[in-house]
Amino acid sequence: MVPLFSFSFTTYFNRIFVAAKSSIICLFLLFTSTAFASPAIPTDIAATTEKVNAAFWLSKLRMALTQTNFEAGIVTLKGEKTESFQWVHGVEESTGTEVERVSPLIGGGVMTIRKGDTVTFVEPNKEPYSVKSTSIRSFIPPVFYKNAAQLINSYQFVLVSKSQIAGRSAQLIRIESVSKHAYNYWIWIDVLSGLPLRLAFVDEVGDVKEQVLMTHLTLHKEPAPEITKLFEFSTPPATEALIAQRQETNNWNMSWLPNGFKLIKSDRHHVSISREVSDYYLYSDGLVEVSIYVQRPLESFNGPLVLRDGATSFAMVHANGFDVTVVGKVPEEIAVKIASSVKAVQQP
């Protein structure tokens with residue numbers, strides 16, 4: 001199969017890896033010399049010229065993610081830690097069904113396969129399982145597969161002038177938190193293909209907390225052979241994400257959450273760290289997700305405990321007679337504030 005287009009980011013990646021240890025302020029000056037944005041928050045993403053242009057590029061990104069046949073190499077950087085993945089996507093011409101696969105290049109790890117709205121996780125020596133989802137939540141936020149306009153109540157879109165990434169023309173879109181309760185999200189979109197060349201979680205002062213780099217990209221007119229084989233892959237039955245209706249899992253009130261976060265699912269299961277039974281809640285603002293675990297207090301825990309891995313914060317605190325753990329891609333102080341706000345619902 002002759003690829004329509006191919007390029008390599010090897011040299012660029014080596015430079016970026018070194019730069020990832022320092023502030024992104026220099027990149028900010030490089031990429032935003034002609035930047036412009038309106039501080040007003042429109043009721044529609046197309047309300048101003050900037051938003052029209054941002055909407056155009058995000059629409060181009062969505063179409064590329066869902067309609068393009070491609071193979072790519074991906075590297076995620078979290079401080080000094082890096083992980084490499086192969087990302088393959090294809091569309092079955094006769095049915096229009098999307099198939100994509102994300103697999104680690106080093107070690108066993110978990111291979112993730114999506115067919116349409118079913119995502120299957122395959123791990124060595126374990127039974128595969130499936131969930132309902134229209135995207136693989138590995139390194140691309142699900143909102144980019146849908147309509148990014150749903151973010152306008154919580155984020156503003158800043159269109160920055162085009163720049164060169166390894167000789168490729170890329171359009172930078174900065175998605176900035178209005179309330180400052182979440183990280184900003186920067187995405188560089190390839191002008192030719194519409195696919196993301198680089199994505200980064202950036203804090204308020206411009207420091208990169210976590211980023212994703214595309215190390216190589218090959219576009220195909222038809223799905224790659226390995227994707228063609230996955231068209232026949234039989235996925236296990238998928239489970240739906242449910243909001244628990246049982247009274248015992250509805251005993252908690254999240255009295256404070258950042259603007260735009262809504263409940264996606266809730267259930268009761270074991271926390272892997274303590275093995276204690278916990279009430280679990282998953283919230284999302286469309287761009288990032290936050291998991292909340294509520295359990296009986298542990299005698300060995302004196303708290304609070306706050307950790308961070310890249311853009312992901314972990315906060316565990318004592319709150320009103322019980323322990324609350326929050327995990328999500330939000331600043332540490334926000335994770336602590338969410339955990340401290342959990343209160344027991346007063347029963348009639």
Side-chain angles (χ1 to χ4, degrees), residues 16 19-42 45 48 50-51 54 57-58 76-81 139-141 143-144 148 150-161 163 170-189 196 198-213 254 256-262 283-292 304 306-315 317 326-341:
I16 287 294
K21 302 177 183 178
S22 62
S23 170
I24 198 170
I25 293 177
C26 292
L27 286 174
F28 177 86
L29 295 175
L30 174 65
F31 290 125
T32 64
S33 58
T34 58
F36 55 92
S38 169
I41 305 171
I45 196 172
T48 67
E50 291 98 7
K51 303 304 181 293
W57 287 106
L58 292 172
T76 62
L77 295 94
K78 300 180 181 180
E80 299 292 331
K81 184 173 65 177
F139 36 76
I140 308 291
V143 69
F144 295 128
Q150 65 184 275
L151 300 176
I152 61 174
N153 291 327
S154 305
Y155 298 88
Q156 66 175 359
F157 298 83
V158 182
L159 182 71
V160 182
S161 58
S163 58
Q171 176 64 61
L172 171 59
I173 304 293
R174 300 205 315 263
I175 303 174
E176 301 188 338
S177 172
V178 175
S179 66
K180 310 301 182 185
H181 291 148
Y183 289 122
N184 300 323
Y185 195 81
W186 294 10
I187 180 167
W188 286 259
I189 301 173
R198 182 183 175 198
L199 311 99
F201 283 99
V202 183
D203 67 14
E204 191 175 353
V205 299
D207 290 333
V208 174
K209 297 300 183 181
E210 182 175 323
Q211 61 180 317
V212 175
L213 302 175
M254 318 308 163
W256 185 87
L257 287 165
N259 185 43
F261 278 81
K262 298 179 180 179
Y283 287 85
S284 176
D285 67 352
L287 187 61
V288 297
E289 296 177 346
V290 171
S291 296
I292 303 174
V306 182
L307 304 170
R308 182 172 61 83
D309 179 28
T312 301
S313 295
F314 173 99
V317 302
V326 171
V327 182
K329 291 185 183 296
V330 293
E332 299 102 303
E333 63 274 15
I334 298 304
V336 172
K337 187 173 182 179
I338 293 172
S340 301
S341 76

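All residue numbers in this chain count up from 1 along the given sequence. None of these values were measured; they are calculated from a predicted model.
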Output the distance between atom NE2 (His181) and atom CZ (Phe261), rounded to the nearest 0.5 Å.
11.0 Å

Side chain proximity check, Phe144 to Leu287, heavy atoms < 4.5 angstrom:
yes

Nearest-0.5 Å distance that lies between atom OH in Tyr185 and atom CD in Glu210
8.5 Å

From CD (Gln171) to CD1 (Ile189), nearest 0.5 Å
7.0 Å

So, taking the atom named CD1 in Ile175 and the one named OG in Ser154, what distance separates them when rounded to the nearest 0.5 Å?
11.5 Å

Provide the closest heavy-atom pair for Ala200 versus Val208 in the form atom of the first, atom of the second, distance.
CB-CG1, 4.4 Å

Show your working on side-chain contact (heavy atoms from CB on, under 4.5 Å) between Trp186 and Val160 and close with a plain yes or no.
CA-CA 10 Å; Trp186 294 10; Val160 182; over 6 Å; no

Atom of Pro258, atom of Ile338 and distance for their closest heavy-atom approach:
CD-CD1, 3.8 Å

Measure the spacing between CD of Glu332 and OG1 of Thr312 and express it to the nearest 0.5 Å.
10.5 Å

Short side-chain to backbone donor-acceptor contact, Asn259 and Asn153, under 3.5 Å:
yes

Contacts of Lys337 meeting salt bridge (charged side-chain N to carboxylate O under 4.0 Å, His left out) (sequence neighbours excluded), chain-then-number -> none

For the student: nearest non-hydrogen atoms of Ala148 and Leu58, plus distance:
CB-CD1, 3.8 Å

So which atom in Tyr183 and which in Ser313 form the shortest heavy-atom distance, rounded to 0.1 Å?
OH-OG, 4.4 Å

What one should report as the nearest heavy-atom pair of Ala339 and Val317 is CB-CG2, 3.5 Å

Identify the two heavy atoms, one from Val178 and one from Gln156, that lie closest to each other, and give their separation to 0.1 Å.
CG2-N, 3.9 Å

Under 6.0 Å from the CD atom of Glu204, do we count more than 12 heavy atoms belonging to anything else shown?
no

CH2/Trp57 to CD1/Ile173 distance, rounded to the nearest 0.5 angstrom?
8.0 Å

Quickly, which of Ile140, Leu172, Leu199 forms a side chain to side chain contact (heavy atoms under 4.5 Å, CB included) with Ile187? Name it, please.
Leu199

Min side-chain heavy-atom separation Asp309-Lys81 under 4.5 Å:
yes

Residue list, side-chain contact (heavy atoms from CB on, under 4.5 Å) with Gln150, at least two apart or on another chain:
Val143, Lys146

List for me each residue that meets side-chain contact (heavy atoms from CB on, under 4.5 Å) alongside Ala170, sequence neighbours excluded, and say none if there are none.
Ile165, Trp188, Leu197

